Amino acid sequence: MATPPVIAVDGPAAAGKGTLARRLAAYLGLSYLDTGLLYRATGRRVLDAGADPRDPAAAEAAARGLDHADLQRGDLRGPDADKAASAVAAQPAVRDALLDWQRDFGRRNGAVLDGRDIGTVVFPDARVKLFVTASAEERARRRWLELAARGMEADRAQVLAELRARDEQDAARAVAPMKPADDAVLIDTTELDAEAAFARALAVVTEKLGQSF
C-alpha cells in the first residue's frame, strides 16, 4: 500500500488556500493542518504575556509552550493577531520550535498542510505542492467581507494596506520567506470561485499522485 501523501498548500493571506486545503483533505480522507494557526497562537500567547511579538526570547518561549488547546482559541483572527503572527513567524527560534511539530503531524498518516513555507521548508519533498494566490485587491475585498460578516468594522483601503505590508514582511524575511517552491503548481484564484479552484487543485493532485493514492 502506498504511503499516504503530504500535500503542501502555500500562498499569501486571503488567497483561498485554507478553504481549498480543508476541502482537499476531506475529499482525500487526509488530516488537515492550518499551520498559520501555530504562529497566530504563538503571537497570542506573547500578547497575553504583555510582551512584544518582535522579542525573540518572548516569541520562542511562547512557541515552545504551545498546546493543542491554543489552536482552538476564538481570537486568532483579526488585525492584531495578523500582526503578531507575522512578527513571531520572522523569528528563527520560533520556526525551529514549530518545525518538528508540523513534520510529525504530516508524516503520521499523511496530511494536507497550508501555510507559507510548507513546500519550501517544512516538506520540501511533498508529493504535491500548490501555491495559491490572487491579486492584492481581490484578497483585500475577501478579507473585508470576512470581517464584515463577523460584525467587525474595517476600512477597505486599510485592509489592503495591511495585506500588502504582511505580504512584504513574509516575502522579505530572512528565514523561510514566502515564495513558491520551484516545483509548485501556481493556482491564481483572482477570477475563480471556490468550486473552480477546487476542481483545478484536484486535477493537479490526481495528475501528481495518479493511482498511487
Side-chain angles (χ1 to χ4, degrees), residues 4-28 30-40 82 85-86 89-90 95 98-99 102-103 105-106 110-146 159-213:
V6 168
I7 298 175
V9 183
D10 291 309
K17 67 180 183 297
T19 299
L20 181 58
R22 279 190 296 272
R23 190 166 176 186
L24 280 174
Y27 184 87
L28 298 171
L30 294 170
S31 298
Y32 164 70
L33 178 63
D34 174 0
T35 64
L37 285 181
L38 300 176
Y39 296 96
R40 290 176 177 276
D82 290 349
S86 189
R95 305 199 77 85
L98 298 178
L99 184 58
Q102 296 172 73
R103 286 177 172 167
F105 182 93
V112 181
L113 298 90
D114 82 64
R116 285 170 170 74
D117 65 346
I118 308 304
T120 55
V121 175
V122 181
F123 281 103
D125 57 348
R127 291 166 65 185
V128 182
K129 300 178 188 177
L130 306 174
F131 192 87
V132 183
T133 189
S135 70
E137 290 77 13
E138 174 60 17
R139 290 188 291 117
R141 185 188 72 84
R142 295 173 185 173
R143 177 56 56 83
W144 179 73
L145 289 173
E146 177 187 328
V159 172
L160 175 59
E162 289 174 350
L163 267 180
R164 283 177 167 160
R166 175 75 188 272
D167 289 349
E168 183 177 348
Q169 182 172 354
D170 288 344
R173 66 188 179 217
V175 179
M178 180 183 67
K179 63 179 181 179
D182 291 339
D183 54 346
V185 176
L186 180 69
I187 298 180
D188 189 326
T189 67
T190 303
E191 302 294 337
L192 299 181
D193 61 18
E195 290 297 325
F198 176 70
R200 171 69 177 128
L202 188 58
V204 174
V205 170
T206 301
E207 178 185 356
K208 295 286 186 180
L209 299 182
Q211 300 302 313
S212 63
F213 178 70

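None of the values given here were measured: they were computed from a predicted structure.
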Kindly say whether [Y] contributes a backbone atom to a donor-acceptor pair with the side chain of [X] at under 3.5 angstrom?
{"X": "Arg103", "Y": "Phe123", "result": "no"}
{"X": "Ser86", "Y": "Asp82", "result": "no"}
{"X": "Arg139", "Y": "Ala134", "result": "yes"}
{"X": "Thr190", "Y": "Ser135", "result": "yes"}
{"X": "Lys129", "Y": "Gly119", "result": "yes"}
{"X": "Lys17", "Y": "Thr133", "result": "no"}

Non-hydrogen atoms of [X] and [Y] that approach each other most closely:
{"X": "Arg173", "Y": "Ala90", "result": "CD-CA, 4.2 Å"}
{"X": "Leu209", "Y": "Pro5", "result": "CD1-CG, 3.8 Å"}
{"X": "Gly106", "Y": "Leu113", "result": "CA-CD1, 4.3 Å"}
{"X": "Ser31", "Y": "Phe105", "result": "CB-CZ, 3.8 Å"}
{"X": "Arg127", "Y": "Lys208", "result": "O-CB, 4.0 Å"}
{"X": "Pro177", "Y": "Ala174", "result": "CD-O, 4.2 Å"}

Nearest 0.5 Å, what's the [atom1]-[atom2] distance between [X] and [Y]?
{"X": "Tyr32", "Y": "Asp114", "atom1": "OH", "atom2": "CG", "answer": "3.5 Å"}
{"X": "Leu38", "Y": "Leu99", "atom1": "CG", "atom2": "CG", "answer": "11.0 Å"}
{"X": "Arg166", "Y": "Arg116", "atom1": "CZ", "atom2": "CZ", "answer": "4.0 Å"}
{"X": "Leu160", "Y": "Glu162", "atom1": "CG", "atom2": "CD", "answer": "10.0 Å"}
{"X": "Ile7", "Y": "Leu30", "atom1": "CD1", "atom2": "CG", "answer": "5.5 Å"}
{"X": "Leu24", "Y": "Leu20", "atom1": "CG", "atom2": "CG", "answer": "4.5 Å"}

Just one of Asp170, Thr120, Asp10 clears the side-chain contact (heavy atoms from CB on, under 4.5 Å) bar with Met178, so which one? Asp170
Would you call Arg142-Glu138 a salt bridge at under 4.0 Å N-O? yes
In plain terms, say whether Asp117 and Lys179 are close enough for a salt bridge, that is, a side-chain N and a carboxylate O under 4.0 Å apart.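 Result for this pair is no, no salt bridge flagged.
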Starting from the C-alpha separation in whole Å, work towards a yes-or-no answer on side-chain contact (heavy atoms from CB on, under 4.5 Å) for Leu202 and Arg23. CA-CA 10 Å; Leu202 188 58; Arg23 190 166 176 186; over 6 Å; no
Does a side-chain heavy-atom distance below 4.5 Å link Val6 with Val122? no
So Gln102 and Arg95, do their side chains get closer than 4.5 Å, heavy atoms only?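 No; the side chains remain at least 4.5 Å from each other.
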Decide if atom CG of Asp125 counts as having more than 12 heavy atoms of other residues, nucleotides or ligands within a radius under 6.0 Å. yes
Please say whether more than 12 non-hydrogen atoms of neighbouring residues, nucleotides or ligands are located less than 6.0 Å from CD in Glu146. yes
